[in-house]
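The structure appears right after this line, and notes come after that.
Treat the numbers as computed from the prediction; the structure is a model and nothing was measured. So that the names make sense, note that chain A is the first sequence line, chain B the second, and so on, each numbered from 1.
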Amino acid sequence: MFCLADGNNFYVSCERVFRPELRGVPVAVLSNNDGACVSRSYEAKKLGVPMGAPAHELRDFVVHHGLILCSSNYSLYGDISDRFMRTLKPFASSMSGYSIDEAFLCLDGVRGDLHQLGLQIKAKVLRDVGIPIGIGIAPTKVLAKLANWAAKKWPATGGVVVLTDPARQAKLLQLAEVGDVWGIGRQLTSHLQDMGIRTAAQLAAHDPKALRRRFSINVERTARELRGEVCFSLHENLGPKKMIACTRSFGQRLYSLPDLQQAIASHIARASEKLRAQQEDCRVVQVFIRTSPFDSKGESYSRSTFVQLQTPSSDVRDLLQAAQAGLASIYRPGPAYAKAGVILMEFINPRMSTPDLFAPAPRKGSADLMAVIDKINRKQGRGTIKPARLASAHSFAMKQDRKSPCFTTSWSDLLKVGSGPCLPVNAAETSCQK
DNA sequence: TCTGGGGTCCTAGGACCC
DNA sequence: TCTGGGGTCCTAGGACCC
């Protein structure tokens, strides 16, 4: 039996934990660079604020309906996510975090009333972490997802739906459209509809073999899971990452090579840190730069290149060298660059591979040096030790005009408790509603 | 003015191997 | 005359997720 615990409007809920004035009012969280809407409160959804809408299209809601916009604050969300996962863990024999705001629990061997258990989990997370969640419990992951969907869609469920009874399963499958099923996106929905498959029930009833032939093995599995046949295990797709990407749009357009070099250096610093965290080396570094697809005037330019490392490495100096060489080969003066990124790929475990006899030897002392850098940066904050190429003020920095304080991850942002309302030390500068 | 970031998996088709 | 069978690897492109 699987249980899916999923935060409601997670980013907005995180903002509300430390900012009670945001409760009960329409709130939306924006993506990086204050670009598009990525999370909406219940009140914002009710107003009709669309998911994914660019910020400038939300003006009317702000002016006429009191919609409050927040920049995204990923260190805050990440920290609250950690607390969320820690709180869930004791409820199950095993658990698998699926995304920043979702986790699957394995309830095999759990005795007693599952609905009561769901209510307990929900109450505990609300009390200890401060965020509302929905709970779906069912024999397969796809059904647990659907149960969770139902728990959020119908408030009368109390936010907990247990799908063990076949009759209830069948009923829900008829109410859900095929596009509401986990793994069935826009394209598949339209193809399935052409075949006359409109509801989850119809998908479950369709011949799985035919689904495999027409689409893919995963559509077959999804359909089988809807019937209660387990095809996805708890720890599906776990393990080290197969690629690590760091990409960003700039806060403003960039033109010069040195500016792009800085952006690339900062991406490499972060990407190589992630790579070292999973204790692997990489063989290939991809670099790309591009203009904005939304710039109607001006030249459109998008280039990408792969740089092969002779000796696999996770040393920031090696990766930086490779990435800068790649950048130099694709950079051209003229275009208004809007975004750059690096992607590390082809990982190897250095303890389980044979070095190339003719490749240059790895740098001496690299592992020790990197370990010290990572330790210092973990303790003193990201960027305490960084490539010298990076200036302190970035020309490529993100736009985040409405960012809330890092209440839990920055000493200077801790809430000051004293007379009057609780305000963070630097609240004046970071107020959400500028 | 202003349009996110980071992942995974699958398939088809070609090249190549024994 | 008759022209196999079983595989791997690679890449590009498409689709999905949060």
P gap between C:dC18 and B:dT3, integer Å:
25 Å
[X] with [Y]: basic N within carboxylate O range, under 4.0 Å:
X	Y	value
A:E102	A:K145	yes
A:E43	A:R16	yes
A:R83	A:D79	yes
A:R221	A:E225	no

Between protein and nucleotides 9-16 of chain C, map the contacts as a letter string: B base, S sugar-phosphate only, - none, heavy atoms under 4.0 Å, written 5' to 3'.
------SS
Classify the ring geometry of A:Y11 against A:Y77: parallel below 30°, tilted from 30° to 60°, perpendicular beyond 60°.
parallel
Once the angle between the rings of A:F104 and A:W182 is folded into 0 to 90°, is it parallel (under 30°), tilted (30 to 60°) or perpendicular (over 60°)?
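Rings of A:F104 and A:W182: tilted, 30 to 60°.
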Between [atom2] on [N] and [atom1] on [X], what's the gap in Å once rounded to a whole number?
X	N	atom1	atom2	answer
A:Q286	B:dG7	CD	P	13 Å
A:K399	B:dT1	NZ	P	12 Å
A:N32	B:dT3	CG	C1'	13 Å
A:F250	B:dC2	CZ	C1'	17 Å

Under 4.0 Å, heavy atoms only, any strand: does [X] hit a base, just the sugar-phosphate, or nothing?
X	answer
A:R253	sugar-phosphate
A:A55	nothing
A:F10	nothing
A:D101	sugar-phosphate
A:L30	nothing
A:E102	sugar-phosphate

Between [options], which nucleotide gets closest to the side-chain atoms of [X]?
X	options	answer
A:R248	C:dC18, B:dG7, B:dG6	B:dG6
A:Y74	B:dG6, B:dG4, C:dC17	B:dG4
A:H56	B:dT3, B:dT1, C:dC17	B:dT3

Short side-chain N/O contact to [N] OP1/OP2 from [X], under 4.0 Å:
X	N	answer
A:S292	B:dT3	no
A:S72	B:dG4	no
A:K274	B:dG7	yes
A:K339	B:dG5	yes

Exceeds 12 heavy-atom contacts within 6.0 angstrom, atom NZ of A:K274:
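Above 12, so yes.
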Using the closest heavy atom to pick a nucleotide of DNA chain B for each, name whichever of A:N33 or A:R221 lands nearer the 5' end.
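The residue mapped nearer the 5' terminus is A:N33.
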Whichever of A:P240 and A:G52 has its nearest DNA chain B nucleotide further upstream toward 5':
A:G52
Knowing that exactly one of A:R19, A:K403, A:Q400 qualifies, which makes a side chain to side chain contact (heavy atoms under 4.5 Å, CB included) with A:C70?
A:R19
Strictly by Watson-Crick or wobble contacts shorter than 3.5 Å, is anything paired with B:dC18, and which nucleotide is it?
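Here B:dC18 is engaged in a pair, and the nucleotide opposite it is C:dG5.
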